[in-house]
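Have a look at the structure below before the remarks.
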2 protein chains.
Amino acid sequence: MTYFLDDIDKKILKILQEDARTPFSKIAKMLNLSESTIHIRIKRLKENGVIKGFYVDVDPEKIGYNVIAFVLIKADPKKYEQILKKIYEFKEVYEIFDVTGEYYALLKVRVKSREELATILDKIGNMEGVTSTYTMFVLRTIKEMKTIDFS
Amino acid sequence: MTYFLDDIDKKILKILQEDARTPFSKIAKMLNLSESTIHIRIKRLKENGVIKGFYVDVDPEKIGYNVIAFVLIKADPKKYEQILKKIYEFKEVYEIFDVTGEYYALLKVRVKSREELATILDKIGNMEGVTSTYTMFVLRTIKEMKTIDFS
DNA sequence: GATGAAATAAATCCAGA
DNA sequence: TCTGGATTTATTTCATC
């Protein structure tokens with residue numbers, strides 16, 4: 001299931017991770033290959049699911065989304081999957097992970113204000129089957145990398 | 001400091017968040033505007049820092065990066081900033097946040113194997129000034145959104 | 001697999017509304 | 001701020017190595 005990346009693939013991905021709009025011609029020059037080869041490689045990486053897509057990176061802070069919180073939840077095991085499905089639909093919840101330890105799941109929540117955060121936390125805390133929550137409010141973002149470092 | 005997005009900006013960003021390679025001509029048609037307008041808008045969004053860049057979305061799992069863990073750390077306040085600087089340099093640590101609560105910082109770690117994770121956890125746990133750590137190993141990724149939902 | 005040239009399509013620039 | 005047309009640049013295809 002794991003796709004083996006050769007050196008050329010890695011170099012192409014590295015360039016695209018820095019700027020996905022880099023023209024193929026420029027990539028070709030950088031790697032001393034033809035434009036067609038870059039084209040074929042990228043096409044293959046897409047077909048194999050390595051490249052899931054191209055997205056624009058919007059600065060959340062610039063558009064007012066500057067409140068982040070991580071929420072740990074514990075739940076009634078019988079209702080857990082149902083709870084996850086519901087939380088999945090919340091657009092304010094950007095990440096959901098099952099985790100080991102005292103709590104069941106870890107959520108990353110991003111909103112525009114503390115009021116909005118309070119609303120979401122209430123919604124989650126009051127869901128049927130949620131037995132306890134623990135919220136960690138983010139005071140400062142020190143690092144938030146969105147690309148993979150495979151150097 | 002917050003940049004005000006009008007309806008056109010929002011629509012453009014929404015399209016680019018889904019596929020950053022959508023041709024301007026297509027965006028223009030979708031929004032009933034000229035290609036030049038789209039061009040000017042995107043340029044302005046870049047200049048104002050709303051658009052931080054265009055990235056390729058690489059599936060970590062496809063290339064073998066399928067171990068994620070969240071690590072909470074407590075530290076000697078006097079050495080805390082120094083510790084953060086050091087951890088910042090770890091390529092395996094993708095996110096670092098100062099958080100409220102019992103712990104000082106929350107880290108998101110992504111590696112290729114449990115062995116690698118153990119190594120990183122050891123490194124962090126043994127850093128001078130780190131007084132305690134709590135690791136949550138990710139068993140399942142339920143949601144991991146990289147774009148912002150401003151609908 | 002990789003290439004180069006040809007065809008198609010897109011991005012960019014600019015003068016004018 | 002937006003537009004339409006002209007120019008430049010990029011992507012895609014395909015026959016060939």
Side-chain angles (χ1 to χ4, degrees), chain A residues 1-65 146-148 150-151, chain B residues 1-65 146-148 150-151:
Chain A
M1 212 53 191
T2 302
Y3 185 86
F4 179 77
L5 300 175
D6 69 8
D7 271 2
I8 297 172
D9 291 330
K10 281 187 189 171
K11 281 175 186 165
I12 292 172
L13 287 177
K14 228 170 185 170
I15 293 166
L16 289 179
Q17 283 202 135
E18 274 171 30
D19 180 6
R21 290 226 159 190
T22 312
F24 295 2
S25 56
K26 204 175 163 190
I27 302 175
K29 266 182 204 162
M30 287 165 94
L31 307 184
N32 269 312
L33 287 163
S34 76
E35 228 172 299
S36 316
T37 302
I38 307 302
H39 182 241
I40 293 163
R41 291 281 187 150
I42 292 176
K43 202 178 157 203
R44 198 172 51 202
L45 288 169
K46 274 194 219 166
E47 281 165 2
N48 286 291
V50 175
I51 292 178
K52 285 200 283 184
F54 296 89
Y55 65 93
V56 65
D57 186 15
V58 174
D59 188 341
E61 310 238 336
K62 278 278 173 193
I63 57 169
Y65 286 79
K146 286 174 181 173
T147 54
I148 298 169
F150 38 64
S151 52
Chain B
M1 214 50 193
T2 302
Y3 185 87
F4 178 78
L5 300 175
D6 69 8
D7 270 5
I8 297 172
D9 290 330
K10 281 188 189 170
K11 281 174 186 165
I12 292 173
L13 288 177
K14 227 168 184 171
I15 294 167
L16 290 179
Q17 282 200 140
E18 273 171 31
D19 181 6
R21 289 226 161 192
T22 312
F24 295 2
S25 56
K26 205 175 162 192
I27 302 174
K29 267 183 205 161
M30 290 166 92
L31 307 184
N32 269 311
L33 287 164
S34 76
E35 221 174 308
S36 316
T37 301
I38 307 302
H39 181 241
I40 293 163
R41 291 280 188 151
I42 292 176
K43 204 180 156 199
R44 198 173 50 203
L45 288 168
K46 272 194 221 164
E47 282 165 359
N48 286 291
V50 174
I51 292 179
K52 285 202 282 185
F54 294 88
Y55 295 106
V56 66
D57 188 13
V58 175
D59 188 342
E61 310 239 336
K62 278 278 172 193
I63 57 170
Y65 286 80
K146 286 177 182 172
T147 54
I148 297 169
F150 41 78
S151 53

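Proteins get letters first, then strands, A, B, ... in listed order; numbering begins at 1 in each.
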Practice problem: Please state how far atom CG in A:Asp6 lies from atom P in C:dG1, giving the value in whole angstrom units. | Solution: 9 Å
Quiz item: Taking CZ from B:Phe54 and C1' from C:dA11, how many angstroms apart are they, rounded to a whole number?
Solution: 12 Å
Quiz item: Closer than 4.0 Å, any side-chain N/O of A:His39 to the OP1 or OP2 of D:dT12?
Solution: yes
Quiz item: In whole angstrom, what separates A:Lys29's NZ from D:dA10's P?
Solution: 8 Å
Practice problem: Answer with base, sugar-phosphate or nothing: what part of the nucleic acid does A:Ser36 contact at a heavy-atom distance below 4.0 Å? | Solution: base
Quiz prompt | Rounded distance [0.5 Å steps], CD1 in B:Ile27 versus CG in B:Asp19 | solution = 9.0 Å
Practice problem: Please state whether the phosphate of C:dG1, meaning OP1 or OP2, lies under 4.0 angstrom from any side-chain nitrogen or oxygen of A:Arg44. | Solution: yes
Practice problem: Establish, with yes or no, whether the OP1 or OP2 oxygen of C:dA2 is under 4.0 angstrom from a side-chain nitrogen or oxygen of A:Thr37. | Solution: no
Exercise. Flag yes if more than 12 heavy atoms outside A:Lys146 fall under 6.0 Å of its NZ atom; otherwise flag no.
Key: yes
Practice problem: Please state how far atom CD1 in A:Ile27 lies from atom P in D:dT12, giving the value in whole angstrom units. | Solution: 12 Å
Quiz prompt | Nucleotide C:dT3, atom P - distance to CD1 of A:Ile38 in whole Å | solution = 8 Å
Quiz item: How long is the gap from CD1 on A:Ile63 to CD1 on B:Ile51, to the nearest 0.5 Å?
Solution: 10.5 Å
Quiz item: Of B:Leu33 and A:Pro23, whose nearest nucleotide on DNA chain D comes first from the 5' end?
Solution: B:Leu33
Practice problem: Could you tell me the separation between the CD1 atom of B:Ile12 and the C1' atom of D:dC2, rounded to a whole number of Å? | Solution: 12 Å
Quiz item: D:dA10 P sits how many Å from A:Ile42 CD1, rounded?
Solution: 14 Å
Quiz item: Roughly how far apart are B:Leu16 CG and B:Phe24 CZ, rounded to 0.5 Å?
Solution: 7.0 Å
Quiz item: In whole angstrom, what separates B:Glu35's CD from C:dC14's P?
Solution: 16 Å
Quiz item: Taking OP1 and OP2 of D:dA10, is either one under 4.0 Å from a side-chain nitrogen or oxygen of A:Arg21?
Solution: no
Quiz prompt | Pairwise distance CG(A:Leu13) to CD1(A:Ile8) - rounded to 0.5 angstrom | solution = 12.0 Å
Exercise. Determine the contact category for B:Ile40: base if any of its heavy atoms lies under 4.0 Å from a base atom, sugar-phosphate if only primed atoms, P, OP1 or OP2 are that close, otherwise nothing.
Key: base
